[in-house]
Amino acid sequence: MELLKEKIRKEGHVKGQGILKVDSFLNHQLDVALFEEMGKAFAKRFAGQGINKILTIETSGIAIATSTARYFDYCPVVFGKKYVSLNLDSDIYSSDVYSYTKQQSYKIMVSKQYLNENDRVLIIDDFLANGKAVEALMDVIKQAGATLVGVGIAIEKGFQNGGALLREEGIALESLAIVDEMSEENGIVFRD
Ligand code: G4P
Ligand code: NA
Ligand code: NA
């Protein structure tokens, strides 16, 4: 998606250890108009497949998921919760996520009320790196007996292995921008 790539070129900052900072439009301040375009792009790529639910993970995935849901017929967004709260139902699906950046595991939780075997689910997230978050969401979908239709990612880091693993598994993965390289010499290099 050209608009997203332009935004990354203009406002993205490469940090050490392969981290791309995009706080000005995706992770802290949110460019809502861009989100709408991303939502439209996902809706187009996953059209006609009966998607009736979008599953994401807090925090950054939620806004993109919401913009995407607008372009499907009645399609709520459900997000995996990372923090236990008193008002979360006890009847939950949960799965462990190992975060490479944080070097520790955490749990994501989804109430059984909001995901079941009748759901045809699109997973949406902001970044795909090693794919651990997406794997946990896929696990939750499996526990629910729901159907995974595909995975939509805003920015895939093609130099980490999450994308390759999902594609090998035959999962319909659509990334709006794939960064294959980030270096001082070559800057940010996108896959076409
Ligand atoms: P993985 O899920 O693909 O295995 O990646 P990892 O554990 O390494 O990612 C941890 C968090 O960092 C995730 O957000 C992920 O979206 C984000 N992330 C990974 N690589 C980058 C990057 O290059 N740039 C930015 N900006 N984020 C990256 P999270 O902890 O779930 O946080 P949030 O959703 O609350 O923002
Ligand atoms: Na995220
Ligand atoms: Na993030």
Side-chain angles (χ1 to χ4, degrees), residues 1 4-32 34-35 38-39 42 54-69 77-85 88 94-110 121-142 148 150-169 171 173-184 186-191:
M1 181 187 173
L4 175 60
K5 290 184 192 171
E6 262 171 45
K7 195 80 174 170
I8 296 168
R9 277 190 207 104
K10 263 199 219 145
E11 298 184 20
H13 295 283
V14 178
K15 299 282 165 187
Q17 294 169 330
I19 296 290
L20 177 64
K21 279 287 239 185
V22 286
D23 278 3
S24 70
F25 63 93
L26 194 72
N27 290 133
H28 193 12
Q29 171 170 265
L30 310 179
D31 183 337
V32 178
L34 174 65
F35 279 36
M38 292 196 284
F42 285 131
I54 293 181
L55 183 64
T56 187
I57 180 165
E58 65 179 341
T59 303
S60 299
I62 297 174
I64 304 171
T66 304
S67 294
T68 305
V77 171
V78 177
F79 62 93
K81 294 203 176 206
K82 291 177 182 165
Y83 309 99
V84 197
S85 69
L88 186 68
S94 84
S95 190
D96 288 313
V97 185
Y98 179 75
S99 169
Y100 178 78
T101 19
K102 298 185 183 102
Q103 299 273 305
Q104 62 182 39
S105 298
Y106 60 92
K107 265 193 203 317
I108 59 157
M109 292 154 284
V110 173
V121 185
L122 173 62
I123 292 176
I124 291 284
D125 209 355
D126 57 340
F127 269 91
L128 180 64
N130 296 304
K132 299 298 180 196
V134 168
E135 270 177 28
L137 293 173
M138 286 167 50
D139 182 35
V140 161
I141 289 169
K142 201 172 159 196
L148 171 68
V151 178
I153 298 291
I155 305 174
E156 175 182 337
K157 296 198 290 183
F159 53 90
Q160 292 184 248
N161 67 356
L165 289 174
L166 294 176
R167 291 189 181 95
E168 269 167 33
E169 279 185 67
I171 286 154
L173 169 64
E174 292 284 345
S175 300
L176 300 181
I178 304 180
V179 176
D180 269 336
E181 189 188 342
M182 307 190 296
S183 66
E184 280 188 14
N186 302 327
I188 296 172
V189 181
F190 294 102
R191 195 177 299 179

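Just so you know, ligand 1 is whichever comes first in the structure, and atom 1 is the first atom listed for that ligand.
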Which of the atoms of ligand 1 are close to Asn130, meaning less than 4.0 Å from one of its heavy atoms? 1 (P), 3 (O), 4 (O)
If you measure from each non-hydrogen atom of Asp125 to ligand 1, which part falls under 4.0 Å: side chain, backbone, both or neither? neither
I need the atoms of ligand 1 closer than 4.0 Å to a non-hydrogen atom of Ala133, numbered in the order shown. 2 (O)
Run the numbers for me: atoms of ligand 1, each under 4.0 Å from some heavy atom of Asp126, listed by number. 16 (O)
Can you spot which of Glu156, Arg191, Lys157 makes a side chain to side chain donor-acceptor pair (under 3.5 Å) with Ser175? Glu156
For Gly18, take its heavy atoms, then give the atoms of ligand 1 lying under 4.0 Å from any of them. 23 (O)
Tell me which one of Lys82, Gln103, Lys157, Glu58 gets a heavy atom nearest to atom 32 (O) of ligand 1. Lys82
Which option out of Ser60, Ala129, Ser99 puts a heavy atom nearest to atom 33 (P) of ligand 1? Ser60
For Gly131, the atoms of ligand 1 under 4.0 Å from one of its heavy atoms are 1 (P), 3 (O), 4 (O)
I'd like to check which ligand 1 atoms, numbered from 1 as shown, lie under 4.0 Å from a non-hydrogen atom of Lys102. 30 (O)
Would you mind naming the N, O or S atom of Asp126 nearest to the Na ion (ligand 2)? OD1
Determine whether Phe79 and Ile124 make a side-chain contact, defined as any pair of heavy atoms from C-beta on separated by less than 4.5 Å. no
Find all atoms of ligand 1 within a distance of less than 4.0 Å from any non-hydrogen atom belonging to Lys132, and give their numbers and elements. 1 (P), 2 (O), 3 (O), 4 (O)
Going by distance only, is there an N or O of Ile57 that falls short of 3.5 Å from an N or O of ligand 1? no
Taking the side chain as everything from C-beta on, heavy atoms only, tell me whether Val121 gets closer than 4.5 Å to Val78. no
Which ligand 1 atoms, with their elements, are less than 4.0 angstrom from a heavy-atom of Tyr100? 7 (O), 8 (O)
Tell me, with the steps shown, if Leu4 and Phe25 meet side chain to side chain contact (heavy atoms under 4.5 Å, CB included). CA-CA 10 Å; Leu4 175 60; Phe25 63 93; 3.9 Å; yes
Are the side chain of Ser99 and the backbone of Lys102 linked by a donor-acceptor contact shorter than 3.5 Å? yes
Short question: side chain of Glu11, backbone of Ile8 - any donor-acceptor pair under 3.5 Å? no
Does a side-chain heavy-atom distance below 4.5 Å link Ile188 with Leu20? yes
Would one find an N or O of Leu20, backbone or side chain, under 3.5 Å from an N or O of ligand 1? yes
Heavy-atom neighbours of Gln103 CD exceed 12 at 6.0 Å: yes
Mark yes when over 12 heavy atoms from residues, nucleotides or ligands other than Tyr100 sit less than 6.0 Å from its OH; otherwise mark no. no
Report the part of Thr101 (side chain from C-beta onward, or backbone N, CA, C, O) that has a heavy atom under 4.0 Å from ligand 1; answer both or neither where that applies. both
Applying a 4.0 Å heavy-atom criterion (strictly less than), which segment of Gln160 is in contact with ligand 1: side chain, backbone, both, or neither? neither
Ignoring hydrogens and geometry, is there a side-chain-to-backbone donor-acceptor pair from Lys82 to Glu58 under 3.5 Å? yes
